[in-house]
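All remarks here apply to the structure that follows.
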Amino acid sequence: MPVLVMKFGGTSVATLDRIGRAAKRVAVEVSKGYDVIVIVSAMSGKTNELVGWVNETSPFYDAREYDAVVSSGENVTAGLMALTLQEMEVPARSWQGWQVPLLTTSAHGAARIEDIPPANIMQKFGEGMRVAVVAGFQGISPEGRITTLGRGGSDTTAVAFAAAFEAERCDIYTDVDGVYTTDPRVCAKARKLDRIAFEEMLELASLGAKVLQTRSVELAMRYNVKLRVLSSFEEPSDEAGTLVCGEDQIMESNIVSGVAFSREEAKVTLVTIADQPGIAAAIFGTLAEAGVNVDMIVQNVSETDYQGHEGRVTDMTFSCPTDQLKRAEKALEAARDAGRLKFDQLWAETDVAKVSVVGIGMRSHAGVAAKMFETLATENINIKVIATSEIKISVLIERKYLELAVQALHDAFELERA
């Protein structure tokens, strides 16, 4: 039988009624002749509750026990989904990560998938099981301990299973009906895309779009797994949702496919650092050791001498998530106190936002940056930092102009048109 992977997020299994509706969708695919692997998240709100219990019990918790607790939400959903399918006379059973087994690294709370041997599940398919309901977000370490993959890890679980079992497709059911040109809550003209390339989806996910977890898109692109994002609250159809696929499966790409944004950005500037080899490595090595995710980087050259240093000095500016700002400040100031870095001041701004335009069509069309900057200038929006890649242009702007910028760029690139 061909294999299909179906993943249901927390809102799609939030109640017994919703689990029942999801099970009916699974039964439809079974009736079409598929052996189905269902990946489930914890019921909506359950993981937050479990994390809260851990923090209340032990503020400086053992990460291994943290994983044992927070992974239990998915186990409950998997068992309930299997029971529901059995009541519908669909041969199904639940699987926890260690039973598959889904083998991971030992990085508790943020483990990475190493391997998914298909033998156990395939044996049960051969014995008549039609649906394997697998608890997402979890696996087992080389030491035999339960691990979790980090928030959004069920998306990654689903794509990894689709790759391991050479599934025909991986359907991700969520509370939205597909991938949009931008967030419809910010821009009323946002349009659902029928198809989007892996590279575009990866950029959109990493730049703030919440539809898919970044690691899941990376995996899908690496193993060429067809992903379909669709709503569990709408009537199913073969044309529903958005297909995330290879660029060669898209007939004609728009120059720009979407506008992504992130409100929670901070801009950090180190004032007066020596302009010499190794300085950037020292700065960003320090930040990496502290677990700070740096995004946009700009270096400005000044002619002023630095505390007797002969030669040029520079200012270094970068952006990072606001919830990592304190960690970044602490790490950089500690490095200065220890003599590993020298800078005069550290300036931080937290009233900024990142806005990005993304599209594989940029590769073959000039003038996208000019059009983006002209559009923002027309709206009197000042650009603080610019970063580009082959298919993306990102800018940092004042946060109060975020919605205006998104709407203006959406109009300028006519994204409401199919």
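Judged as a side-chain hydrogen bond (donor to acceptor under 3.5 Å, both in side chains), and not counting sequence neighbours, the contacts of T269 are T317. For the ring-ring contact (aromatic ring centres under 6.0 Å, His included) test, no residue two or more places apart in sequence or in another chain qualifies with F137. Partners of F284 under the ring-ring contact (aromatic ring centres under 6.0 Å, His included) rule, at least two apart in sequence or in another chain, are F318. I140 meets the side chain to side chain contact (heavy atoms under 4.5 Å, CB included) test with W98, P101, L103; sequence neighbours excluded. With sequence neighbours left out, the side-chain hydrogen bond (donor to acceptor under 3.5 Å, both in side chains) criterion links T157 to no other residue. Under the rule for a ring-ring contact (aromatic ring centres under 6.0 Å, His included), the partners of F161 that lie at least two apart in sequence or sit in another chain are F165. The side-chain hydrogen bond (donor to acceptor under 3.5 Å, both in side chains) test applied to D115 returns no partner, not counting sequence neighbours. When the side-chain hydrogen bond (donor to acceptor under 3.5 Å, both in side chains) test is applied to S231, no partner is found at least two apart in sequence or on another chain.
With hydrogens and angles ignored, the 3.5 Å screen pairs a side-chain donor or acceptor of T77 with a backbone N or O of S41. With hydrogens and angles disregarded, a donor-acceptor distance shorter than 3.5 Å links the side chain of H365 to the backbone of G361. Q407 contributes no side-chain N or O that, together with a main-chain N or O of L404, makes up a donor-acceptor pair within less than 3.5 Å.
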- request: Kindly determine whether E218 and R215 satisfy salt bridge (charged side-chain N to carboxylate O under 4.0 Å, His left out), including the steps that lead there.
  value: CA-CA 5 Å; E218 288 175 346; R215 280 167 63 190; 6.0 Å; no

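Between S262 and E265, the side chains place a donor N or O and an acceptor N or O closer than 3.5 Å (distance only, hydrogens not considered). In the model, E264 has a side-chain atom that pairs as donor or acceptor with a side-chain atom of T322 under 3.5 Å. For T105 and E114, the side-chain atoms include no donor-acceptor pair closer than 3.5 Å. For H108 and T148, the side-chain atoms include no donor-acceptor pair closer than 3.5 Å. Between the side chains of S12 and S232, at least one donor-acceptor pair of N or O atoms lies under 3.5 Å.
Cation-pi geometry between K354 and F261 is not met: the NZ or CZ atom fails to fall both under 6.0 Å from the ring centre and inside 45° of the normal.
Judged as a side chain to side chain donor-acceptor pair (under 3.5 Å), not a single pair has a partner in residues 323-340 (not counting sequence neighbours). Among pairs with a residue in residues 39-53, those fulfilling salt bridge (charged side-chain N to carboxylate O under 4.0 Å, His left out) read K46-E49, at least two apart in sequence or across chains. Among residue pairs with one or both ends in residues 51-62, those qualifying as side chain to side chain donor-acceptor pair (under 3.5 Å) are D62-R64; sequence neighbours excluded. Residue pairs meeting the salt bridge (charged side-chain N to carboxylate O under 4.0 Å, His left out) criterion with at least one partner in residues 377-387, sequence neighbours excluded, are E349-K384.
Using a 4.5 Å heavy-atom cutoff, the side chains of L50 and S72 are in contact.
Around OH of Y223, the count of heavy atoms belonging to other residues, nucleotides or ligands within 6.0 Å does not exceed 12. When the shell of 6.0 Å around CZ of R93 is examined, it contains more than 12 heavy atoms from other residues, nucleotides or ligands.
Just one residue in the list D177, T182, D183 forms a side chain to side chain donor-acceptor pair (under 3.5 Å) with Y180, and that residue is D177. Under the side chain to side chain contact (heavy atoms under 4.5 Å, CB included) test applied with E199, the options L204, V358, I391 reduce to a single match, I391.
With salt bridges taken as basic N to acidic carboxylate O contacts below 4.0 Å, none links R399 and D351.
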